[in-house]
4 protein chains.
Amino acid sequence: MVSFNRVILAGNLTRDPELRFTNDGIPVCSFGLAVNRRRSKSEEVDFFDISAWRELGETIANYKKKGDPILVEGRLQFRSWEDRESGQKRSKVDVVADNVQFLGGRGDGDGSNGGGGGGQRSRSGAGARSGGGGRDDVDLNEEDFDDIPF
Amino acid sequence: MVSFNRVILAGNLTRDPELRFTNDGIPVCSFGLAVNRRRSKSEEVDFFDISAWRELGETIANYKKKGDPILVEGRLQFRSWEDRESGQKRSKVDVVADNVQFLGGRGDGDGSNGGGGGGQRSRSGAGARSGGGGRDDVDLNEEDFDDIPF
Amino acid sequence: MVSFNRVILAGNLTRDPELRFTNDGIPVCSFGLAVNRRRSKSEEVDFFDISAWRELGETIANYKKKGDPILVEGRLQFRSWEDRESGQKRSKVDVVADNVQFLGGRGDGDGSNGGGGGGQRSRSGAGARSGGGGRDDVDLNEEDFDDIPF
Amino acid sequence: MVSFNRVILAGNLTRDPELRFTNDGIPVCSFGLAVNRRRSKSEEVDFFDISAWRELGETIANYKKKGDPILVEGRLQFRSWEDRESGQKRSKVDVVADNVQFLGGRGDGDGSNGGGGGGQRSRSGAGARSGGGGRDDVDLNEEDFDDIPF
DNA sequence: TTTT
DNA sequence: TTTT
């Protein structure tokens, strides 16, 4: 069975990142990303929902805010559910980040991202480094947490 | 303004590709793509809607059918509208292909993809090669055709 | 500091994969990949050297052979050294795989890849799942093994 | 025949871009790109040679200089030749850009990239737009110009 | 629900 | 050193 799923986006946060935790205490960060189209005529922006887990999510929540430019590498995720009110089937495509690059931004020197400027965190990196007894080395997939509020 | 938007997916067609034409006669092909997750526990497949324009779309419509494996390179597209019945705002994320690779498939030799097997078409390639007077050298963007039925 | 490095290639193995081990027993698999150009006029093929570590490398070595089609996701790696004979500076760009998709191939049913056909292994996945006491959970980077023979 | 070839890199120019022209007057821009490794221990930077053709190349040559951050999307290219002195076979892997994003940089306000900051040019875009009689609508591939000095 |  |  052939399967491959890779997305790379760069744009600006449409809102401050929001950090939540699953029942098991796994951090998950959500934010919106606006990606401007080049050479577009009518609609000019694409809006996406991004989520980032664990250390990667925490780093984004700690350092990024509405308007900041960011590069996101991840995979497309499809989810479907039944609408409570109408009973209709609904679905949604969003992005699960597994690597992120903080882009330089406007050099507004507000201190929160001071000194070096950029920064980068990769989810797999986070996992790879956990040799201790933290929650990171539990063998979990995002799919275990479909009950989280999104 | 930083902006980047690139998606690469490989999976199988969930339905036969459908070829339609805009009012101006531009061909646009639509199909569904199922991408299996690796190492998933609960949900196991992601489903996406793909569209491909002009020559690229025609080639897919001519050679591919439900179940066929394909590699799609393109960009994520966001669209929003107001639901007629409920008046609610709705939105959707799908993929506009600009390059496609026909994957070898199951070697079932049904003739529709016989002889060579593979094949590949790129939308930009199609555009670049058009030196004649066909509709391909009109300077149009997909955005001009938001009125098409999808 | 902005940095991003992502490569995705699909083509055919130019030779049987070769599996070696570092002094510390880390497996590393090397193979050549031929990627045909589309719409080319003169030169028609690009040739690349790929390496894959640990479980991912072992899987490739176990299941793939010269001629097999494969999809490789990884990063570009630059290496430089001084040529022993001429004393000149030399360098090389190759690819370190961190995810691989076995493509269906020619359905020649030779048994070595029988039954299911495809298959997929990701290095990060391999690392993430290792909760035991194997060598996989040592915190190592490929950079530690620059002394390996390549 | 399965074939796919996509590279996405972000880093900084290692030298001012150099603009040359083929005998037929096609502009080609060359520059070096330094991409820092994350989490590396020994070697810390990967260096690549990039080339960009036509309008895309001209834009880079006009707006970018040594040190500037840039995002490059393109394809890997393999070239081989015989070394004149030693008679040995040599080869090289570099990147042909077909899309570029100017990253914000350090906001050093030197005027050459003033006002807006960013900018983006795509080679396929350039080709697609050429409806006139310029050299852009000649049907040429980079492969025609292997004689250029690189 | 939308960023520069 | 080169694959289909």
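Bear in mind that the values here come from a model prediction, so they are computed numbers and not experimental data. Per chain, numbering begins at 1; letters A, B, ... match sequence-line order.
Comparing atom distances between the B:Phe78 side chain and each of E:dT1, E:dT2, F:dT2 picks out E:dT2 as nearest. For C:Lys66, counting side-chain heavy atoms from C-beta on, the closest listed nucleotide (E:dT3, F:dT3, E:dT1) is F:dT3. Taking only side-chain atoms of A:Phe47, from C-beta outward, the nucleotide of F:dT3, F:dT1, E:dT3 with the closest atom is E:dT3. Comparing atom distances between the D:Lys89 side chain and each of E:dT3, F:dT2, F:dT1 picks out F:dT1 as nearest. Here the side chain of C:Arg15 is nearest to one of E:dT4, F:dT4, F:dT1, namely F:dT1.
With sequence neighbours left out, A:Phe48 forms a ring-ring contact (aromatic ring centres under 6.0 Å, His included) with no residue at all. Shown here are the side chain to side chain contact (heavy atoms under 4.5 Å, CB included) partners of C:Asp49, two or more places apart in sequence or in another chain: C:Arg15, C:Lys92, C:Asp94.
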Worked verdict on C:Val100 versus C:Ile60 for side-chain contact (heavy atoms from CB on, under 4.5 Å): CA-CA 8 Å; C:Val100 145; C:Ile60 296 168; 3.8 Å; yes
side-chain hydrogen bond (donor to acceptor under 3.5 Å, both in side chains), that's the test. Do B:Asn62 and B:Thr59 meet it? Break it down for me. CA-CA 5 Å; B:Asn62 287 337; B:Thr59 306; 5.8 Å; no
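In this structure, CZ of A:Phe31 is placed 12 Å from C1' of E:dT3, rounded to the nearest angstrom. One atom, CD of C:Glu44, and another, P of F:dT3, lie 14 Å apart when rounded to the nearest Å. Regarding A:Leu13, its CG atom lies at a distance of 10 Å from the P atom of E:dT4, rounded to whole Å. Between A:Asp49 atom CG and E:dT3 atom C1' there is a gap of 13 Å when expressed in whole angstrom units. Rounding to whole angstrom units, CG of residue C:Asn12 and P of F:dT4 are separated by 6 Å. Summarising the geometry, the separation between CZ on B:Arg79 and P on E:dT2 is reported as 19 Å, rounded to the nearest angstrom. Atom NZ of C:Lys65 and atom P of F:dT2 are 20 Å apart (whole Å). In this structure, the CG atom of A:Asp16 is 19 Å from the P atom of E:dT1, given to the nearest Å.
The environment of CD in A:Glu82 is crowded: more than 12 heavy-atom neighbours from other residues, nucleotides or ligands sit within 6.0 Å.
For C:Asp68 against F:dT3, no side-chain N or O and base N or O form a donor-acceptor pair under 3.5 Å.
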